[in-house]
2 protein chains.
Amino acid sequence: MKKFSSRYSIAVHILSLIALSPASCTSDFIAESVNTNPVIIRRIIGMLKKAGLVHVRPGTGGTYLQKGLDEITLLDVYRAVEVADNGNIFNCHEETNPRCPVGANIESVFRTKMVQAQSAMEQELDHVTLKQLVSELKEKSGSI
Amino acid sequence: MKKFSSRYSIAVHILSLIALSPASCTSDFIAESVNTNPVIIRRIIGMLKKAGLVHVRPGTGGTYLQKGLDEITLLDVYRAVEVADNGNIFNCHEETNPRCPVGANIESVFRTKMVQAQSAMEQELDHVTLKQLVSELKEKSGSI
DNA sequence: TCCGTTGTAACTATAATGATTACATCGAGA
DNA sequence: TCTCGATGTAATCATTATAGTTACAACGGA
Ligand code: FES
Ligand code: FES
């Protein structure tokens, strides 16, 4: 890799904007705050919708939270958009030489350790709700 | 992203093989266990060498650990090969609209949370030494 | 001196990402 | 009912990381 897709930070941005903005949040409006193309926004909103985090008013336009701010954690958002193939961020090279004791067994040992490490990260994300994040945002920006 | 590069799992594989194999570990020998091209192995060994984890006998051939197995953690290996640009695995979209309260402030708030999550993962990796990993490998494979 | 090995450069193919254009569809309001 | 703005989505393109491969100079022990 290098880095995760910026889908994640954009998704958090979108949800925060919806939470804070009194205006109707169309993809054009959001795109202006994020500073990207509206289609990028719509794609990400599509994933958030599929995860049950928001609903959209088709035709008329506008995206709205489907849950309370304190019911959405950063982990929920992460899961909604990250799409780490089957959820694992660590890659294990496949098809090692089975006749070598290391090649035959290292995969399961390595994988176990990686699952632990990844879980530690995800638990951390699970402890932060959008409510907390948005309140920190408000502090920094004075008011909206 | 999707996933981290398999460089990481291959690096762990290489170090484990060196620790367990009585034979001289040339890139060809290692490549056969990992089941890939020797050049891939040499590239990764180059990174491990730069990190001070192994040394190589040029000319003659063979790679050897430069530290004790209990002095090398999975975090050391991760740092040696992962090259997550400047070390951050989470991406934050840049150049948001500074005139929008969310765009102006979300980056620093988001970044703080991500650093915490990433640290939790890295701490987990720091708690596993190659010694532990290799001993688990031995258990699974009987003996070498 | 020979010969196997290392260290790199160069090239290719594949895949993910981000951006963009295009357009069918929807739905509220005139 | 018709219009108009918004959504949903397909298609295309440029950029970048990765993995694999060939080629070859440099090294150093036998
Ligand atoms: S087999 Fe996955 S670590 Fe080498
Ligand atoms: S500015 Fe980085 S989250 Fe939108």
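Computed from heavy atoms alone, side chains included, the values below leave out hydrogens, waters and symmetry copies. Proteins come first, then strands; the chains are lettered A, B, ... in the order of their sequence lines, and each starts at number 1. This one's a predicted model, so the numbers in the text were calculated from it and none came from an experiment.
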B:E136 and A:K113 ion-paired at < 4.0 Å
yes
Considering just the side-chain nitrogens and oxygens of B:T36, establish if one lies under 4.0 Å of OP1 or OP2 belonging to D:dG20.
yes
May I ask you to verify if any side-chain N or O of A:R7 is less than 4.0 angstrom from the OP1 or OP2 atom of C:dT17?
yes
Closest to the 5' end of DNA chain C, once B:G46 and A:R57 are matched to their nearest nucleotides, is B:G46
Looking only at D:dG28, C:dC26, C:dA22, the nucleotide nearest the A:R42 side chain is C:dA22
Looking only at atom types and distance, does a side-chain atom of B:T129 sit under 3.5 Å from a main-chain N or O of B:D70, one as donor and one as acceptor?
no
For atom CG of B:N37 and atom P of C:dA10, their distance in whole Å:
18 Å
Assign A:V56 to base, sugar-phosphate, or nothing according to its heavy-atom contacts below 4.0 angstrom with the strands shown.
sugar-phosphate
Determine the interplanar angle of the B:H13 and A:H93 rings, folded into 0 to 90°, and report it as parallel if under 30°, tilted if 30 to 60°, perpendicular if over 60°.
tilted
Quick check on D:dA19: is either OP1 or OP2 less than 4.0 Å from any side-chain nitrogen or oxygen of B:S6?
yes
I want to confirm an ordering. Mapping A:R43 and B:R43 to their closest nucleotides on DNA chain D, which one lands closer to the 5' end?
A:R43
Where the side chain of A:V39 is defined as all heavy atoms beyond and including C-beta, which of C:dT21, C:dT17, D:dT22 is the nearest nucleotide?
C:dT21
